[in-house]
Amino acid sequence: MIQAIRGMNDILPQQTPYWAYVEERVRTLLTACGYAEIRLPLVEFTELFTRSIGAVTDIVEKEMYTFADRNGDSLTLRPEGTAGCVRAAIEHGLLHNQTQRLWYQGAMFRHERPQKGRYRQFHQIGVETYGFSGPDIDAELILLSARLWRMLGLAGLTLQINSLGTHAARVAYRIELVRYFTTHIHALDEDSQRRLHTNPLRILDSKNPALQTLIEGAPRLADHLDEESRVHFAGLCTTLDRAGVAYQINPRLVRGLDYYDRTVFEWVTDRLGAQGTVCAGGRYDTLVEQIGGRATPAIGFALGMERLVALLVDAGVVPPEQHPHAYLVLAGEAAEKQGWPLAEMLRDALPALRLVVHCGGGSFKNQLKRADKSGARYALILGDEEAQQAEISVKDLRAEQAAQIRMPQHALAVFLAKQI
Ligand code: ATP
Ligand code: MG
């Protein structure tokens with residue numbers, strides 16, 4: 001038996017209502033706030049990712065699905081959406097003398113060790129903005145995500161924020177950090193020793209409990225921020241305070257990708273075990289230029305659908321009902337002749353009606369069983385007798401006491417309209 005690839009999941013009918021629920025709310029919210037959807041390819045030239053994400057990040061070092069195209073080009077399944085979004089915005093002139101508020105959704109691919117909340121094909125909803133340099137847009141994105149949690153009925157996510165300063169400020173800080181960790185090199189684990197000279201900021205992000213005291217004692221990026229970044233960050237904090245959004249300043253929040261500067265943030269939960277970051281983002285003011293466009297300030301975030309859905313399930317949030325309203329049972333030849341025109345008439349009259357028409361024949365009893373199993377509220381029963389009188393029997397499958405009424409077929413649409 002051929003099975004799915006490890007870490008690449010089927011999302012089964014039982015789960016899709018949660019996904020549809022999130023997608024529908026996200027679309028409503030983002031559209032209401034002036035964000036336009038963009039759809040991007042799943043595959044890009046490998047160079048796009050190595051140039052933007054950074055050569056010594058987890059993603060580029062070991063997580064990319066890279067392959068040679070038939071003509072020899074090196075291509076990569078996208079591990080994230082920001083790089084492709086920037087590429088598209090430059091390519092189509094979306095950044096010329098204008099600002100952009102964009103969003104996208106879809107599958108991302110990373111060759112990670114599959115575990116709960118961590119997969120090889122996973123799905124993100126990404127939001128990106130271009131051309132805004134002030135902290136107001138940083139706040140807008142955070143308020144937007146906070147509003148989304150409320151719209152979804154989710155409580156208990158914690159917001160962590162930090163500022164990484166400018167690239168120049170980080171270079172100076174990095175020297176101090178390397179000096180500090182070098183004096184404690186024997187206390188570092190293998191991973192951190194390797195990062196010491198490639199990407200020392202990532203040591204701060206280590207989850208190894210044995211390193212936590214050492215990390216606590218490390219020099220703080222906040223003490224090395226340039227003045228402009230300090231003012232920017234203070235501006236963000238003030239707006240969040242005014243809007244009543246609670247946050248924690250986490251000086252060790254550094255994010256795993258190279259392109260961030262200034263504001264970074266994460267929404268985290270303790271309900272999902274080790275994979276607790278549901279949504280993460282930050283400012284990337286130098287990326288557009290790095291990919292070949294004119295320097296353009298930018299900030300965005302991405303949320304992980306699998307983790308968000310797991311959280312909704314854990315929180316007992318129930319997505320809207322998707323069961324059929326009605327199931328049409330067709331018993332006998334006359335009924336089958338009348339059934340389809342009747343169903344078409346109902347669908348014309350009531351576009352929102354969820355109606356399943358029985359297919360495949362079978363006994364009356366069997367069809368009723370199917371009707372019940374479908375979760376439908378009503379069985380619409382068309383037997384020979386009903387067919388002769390142009391009538392229909394309507395059985396409430398969810399009533400405590402079996403209740404069945406009979407009515408003319410032409411009255412059915414009016415009856416059902418009241419039930420949906
Ligand atoms: P992590 O620290 O968990 O590896 P990351 O920093 O690599 O996350 P980002 O690249 O910022 O993650 O992606 C944004 C969000 O996408 C994450 O917060 C998470 O919700 C989700 N995500 C990232 N990688 C995976 C994965 N392999 N499986 C499922 N969801 C993921
Ligand atoms: Mg990761």
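Order of appearance sets the numbers: ligands from 1, and atoms from 1 within every ligand.
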* **SB check Arg377 Glu321 (cutoff 4.0 Å)** => no
* To do: Give the minimum heavy-atom separation between Glu112 and Arg120, together with the two atoms involved.
  => O-NE, 2.7 Å
* Is it true that Arg307 and Asp314 make a salt bridge, defined as a side-chain N closer than 4.0 Å to a carboxylate O? -> no
* Other residues, nucleotides, ligands: >12 heavy atoms within 6.0 Å of Arg150 CZ -> yes
* Heavy atom of Glu80, distance to ligand 1 below 4.0 Å -> no
* Structure fact -> For Tyr18 and Val317 the tightest heavy-atom approach is CE2-O, 3.3 Å
* Is Gln124 in contact with ligand 1, taking contact as a heavy-atom separation below 4.0 Å? -> yes
* **Option nearest atom 31 (C) of ligand 1 (shortest heavy-atom distance, choices Phe122, Tyr260, Trp267)** => Phe122
* Asked: With the threshold set at 4.0 Å, does a side-chain nitrogen-carboxylate oxygen contact exist between Arg230 and Glu227?
  -> yes
* Structure fact -> Note: heavy atom closest to atom 2 (O) of ligand 1, options Lys116, Gln275, Arg118, Arg120, belongs to Arg118
* Could you point out which residue of His358, Arg370, Lys373 forms a side-chain hydrogen bond (donor to acceptor under 3.5 Å, both in side chains) with Tyr327? => His358
* Candidate with minimal heavy-atom separation from atom 10 (O) of ligand 1, of Arg110, Gln121, His111, Met108 -> Arg110
* Ala302 N/O under 3.5 Å from ligand 1 N/O -> no
* Asked: Taking non-hydrogen atoms only, is Asp58 closer than 4.0 angstrom to ligand 1 via side chain, backbone, both or neither?
  -> neither
* Contact atoms of ligand 1, heavy-atom distance to Thr277 under 4.0 Å -> 17 (C), 18 (O), 19 (C), 20 (O)
* Flag Tyr119 as yes when one of its N or O atoms lies below 3.5 Å from any N or O atom of ligand 1, and as no otherwise. => yes
